[in-house]
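Single-structure report; data block below.
Each residue takes its place number in the sequence, starting with 1. These numbers were taken from a predicted model, which means no experiment stands behind them.
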Amino acid sequence: MKVLVTNDDGVESPGLHALARGARDHGWDVVVAAPAEEASGTGAGLTAAAGDTRRVAVERREVPGLAGVPVYAVAAHPGLIALLAAQGAFGEPPEVVLSGINLGANTGRAVLHSGTVGAALTASLHGARALAVSLDVALDDETDPHWDTAVTVAAGLFDRLAALPPGSVLNLNVPDRAESGPPRRAGLAESGTVQVHVEDTGDGTIALSAELAEDYLTPGSDAALLAEGHATITALRSVAEDPDLVW
């Protein structure tokens, strides 16, 4: 199974490295291609980081613990990296794309803005099966994240993911603790766990800050179950027409 591992936290993220090791240890043929710099909140944007939009800088990296696995730092957002991979930029196009492990949950309809989820959705448009993986680390948490827990839960889904129809997308969120049970299926909450607060500074700029949403715990949703300590799994679909809309 040809597998691309990417993320939006950047190529130096320990969550990315942990997920890549998990895929390699599962026996998959892994290549890692991730943003050279953090690219959170970029959704499925097909944007190069800077410079000539017709050329994307790619640099080979060496990562401890991933001997023999090609690792590329790409000056692009994760959606574009998934597209490049589908076009054969990093070898044979992947059959599976793993995106993550994101530092922080990706729940609710706000996954639209997630670069982690955006890479998975972009990959699905090109026929890959995709899994976005996020670890529910609090914004102010200074302890070491439990990456291995997220890897264990994700690896338990690898074979099922590979057996899904091409273009399938799963969004996995894992609580940040030493152990977690298998994920529970969940729908999307109405909003994301974190919302952006906007303040007009009066000096020609707008100040942005992240804060916990007050109404994100929709009963039975991914956000609510995750807050209760459960890993959650949600099947996603990329953009499609709405045949029921009357206008």
*Apply side chain to side chain contact (heavy atoms under 4.5 Å, CB included) to Leu236 and Val117, showing your working.*
CA-CA 9 Å; Leu236 301 179; Val117 177; 3.7 Å; yes

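- The two atoms that bring Ala75 and Val56 nearest to each other are O-CG1, 3.7 Å, heavy atoms only.
- For residues 144-174, the pairs satisfying ring-ring contact (aromatic ring centres under 6.0 Å, His included) are His26-Phe158, Trp28-Phe158, with sequence neighbours left out.
- Annotation for Leu225 and Gly220: closest pair CD1-O, 3.8 Å, computed over non-hydrogen atoms.
- Identified under the ring-ring contact (aromatic ring centres under 6.0 Å, His included) test for residues 227-247, with sequence neighbours left out: none.
- Side-chain contact between Asn102 and Val133 is absent, with no heavy-atom pair separated by less than 4.5 Å.
- Val153 and Val151 fall within the same hydrophobic cluster, defined by Ile, Leu, Val, Met, Phe, Trp and Tyr side-chain heavy atoms under 4.5 Å apart, directly or through other members.
- Annotation for Asp203: atom CG counts as buried by contact number, over 12 foreign heavy atoms lying within 6.0 Å.
- One hydrophobic cluster, built from ILVMFWY side chains closer than 4.5 Å, holds both Leu83 and Ile81.
- Here the side chains of Asn171 and Ile233 are not in contact, with every heavy-atom distance at 4.5 Å or above.
- Checked by atom type and distance alone, the side chain of Ser221 pairs as donor or acceptor with a backbone atom of Ala224 at under 3.5 Å.
- Contact annotation: the side chain of Leu172 approaches that of Pro183 to within less than 4.5 Å [non-hydrogen atoms, C-beta and beyond].
- Qualifying salt bridge (Lys or Arg N to Asp or Glu O under 4.0 Å) partners for Glu38, counting only residues two or more places apart in sequence or in other chains: none.
- Distance check, rounded to the nearest 0.5 Å: CG of Asp159 to CE of Met1 gives 8.5 Å.
- The shortest side-chain heavy-atom distance between Val63 and Val69 does not fall under the 4.5 Å cut-off.
- Checked for salt-bridge contact, Arg109 and Glu190 meet the test: a charged N lies under 4.0 Å from a carboxylate O.
- Remark: the backbone N or O of Gly108 is paired with a side-chain donor or acceptor of Asp222 at under 3.5 angstrom.
- The cluster map of Ile, Leu, Val, Met, Phe, Trp and Tyr, joined by side-chain heavy atoms under 4.5 Å apart, puts Val96 and Leu170 in the same cluster.
- Ser134 and Asn106 share a side-chain donor-acceptor pair at under 3.5 Å.
- Leu164 and Leu4 fall into different hydrophobic clusters, where Ile, Leu, Val, Met, Phe, Trp and Tyr residues are linked whenever their side-chain heavy atoms come under 4.5 Å apart, directly or through other members.
- Rounding to the nearest 0.5 Å places CG of Leu80 at 9.0 Å from OG1 of Thr122.
- Identified under the ring-ring contact (aromatic ring centres under 6.0 Å, His included) test for residues 85-134, with sequence neighbours left out: Tyr72-Phe90.
- Rounding to the nearest 0.5 Å places CZ of Arg24 at 5.5 Å from CG of Leu66.
- Contact between Arg237 and Ala240 at its shortest, heavy atoms only, is CD-CB, 4.4 Å.
- The minimum heavy-atom distance between Pro166 and Gly127, with the atom names listed, is CB-O, 3.3 Å.
- Looking at every heavy atom in both residues, Leu226 comes nearest to Pro175 through CD1-N, 3.7 Å.
- Annotation: side chain of Val3 is not in contact with side chain of Asp29 (no heavy-atom distance under 4.5 Å).
- The shortest distance between side-chain heavy atoms of Thr42 and Pro78 falls below 4.5 Å.
- Taking a 6.0 Å sphere around CD of Glu95, one finds it holds more than 12 heavy atoms contributed by other residues, nucleotides or ligands.
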*Starting from the C-alpha separation in whole Å, work towards a yes-or-no answer on side chain to side chain contact (heavy atoms under 4.5 Å, CB included) for Arg160 and Leu157.*
CA-CA 5 Å; Arg160 293 172 62 186; Leu157 297 170; 3.9 Å; yes

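- Within 6.0 Å of CZ in Arg60 there are more than 12 heavy atoms belonging to other residues, nucleotides or ligands.
- Annotation: side chain of Pro35 is in contact with side chain of Thr6 (closest heavy-atom distance under 4.5 Å).
- Leu125 has its side chain out of reach of Leu121: every pair of non-hydrogen atoms, C-beta onward, lies at least 4.5 Å apart.
- At a threshold of 4.5 Å between side-chain heavy atoms, the hydrophobic network of Ile, Leu, Val, Met, Phe, Trp and Tyr places Val111 and Val137 in two separate groups.
- Counting only residues at least two apart or on different chains, no salt bridge (Lys or Arg N to Asp or Glu O under 4.0 Å) pair has a member in residues 167-182.
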List, one per line, each side-chain donor-acceptor pair under 3.5 Å for residues 8-23, sequence neighbours excluded.
{"from": "Asp8", "atom 1": "OD1", "to": "Thr116", "atom 2": "OG1", "distance (Å)": "3.2"}
{"from": "Asp8", "atom 1": "OD2", "to": "Gly115", "atom 2": "N", "distance (Å)": "3.3"}
{"from": "Asp8", "atom 1": "OD2", "to": "Thr116", "atom 2": "N", "distance (Å)": "3.2"}
{"from": "Asp8", "atom 1": "OD2", "to": "Thr116", "atom 2": "OG1", "distance (Å)": "3.3"}
{"from": "Asp9", "atom 1": "OD1", "to": "Ser40", "atom 2": "OG", "distance (Å)": "3.4"}
{"from": "Asp9", "atom 1": "OD2", "to": "Leu103", "atom 2": "N", "distance (Å)": "2.9"}
{"from": "Glu12", "atom 1": "OE2", "to": "Arg61", "atom 2": "NH1", "distance (Å)": "2.6"}
{"from": "Ser13", "atom 1": "OG", "to": "Gly15", "atom 2": "N", "distance (Å)": "3.2"}
{"from": "His17", "atom 1": "NE2", "to": "Val11", "atom 2": "O", "distance (Å)": "2.8"}

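- The nearest pair of heavy atoms linking Val5 to Val30 is CG2-CG1, 3.8 Å.
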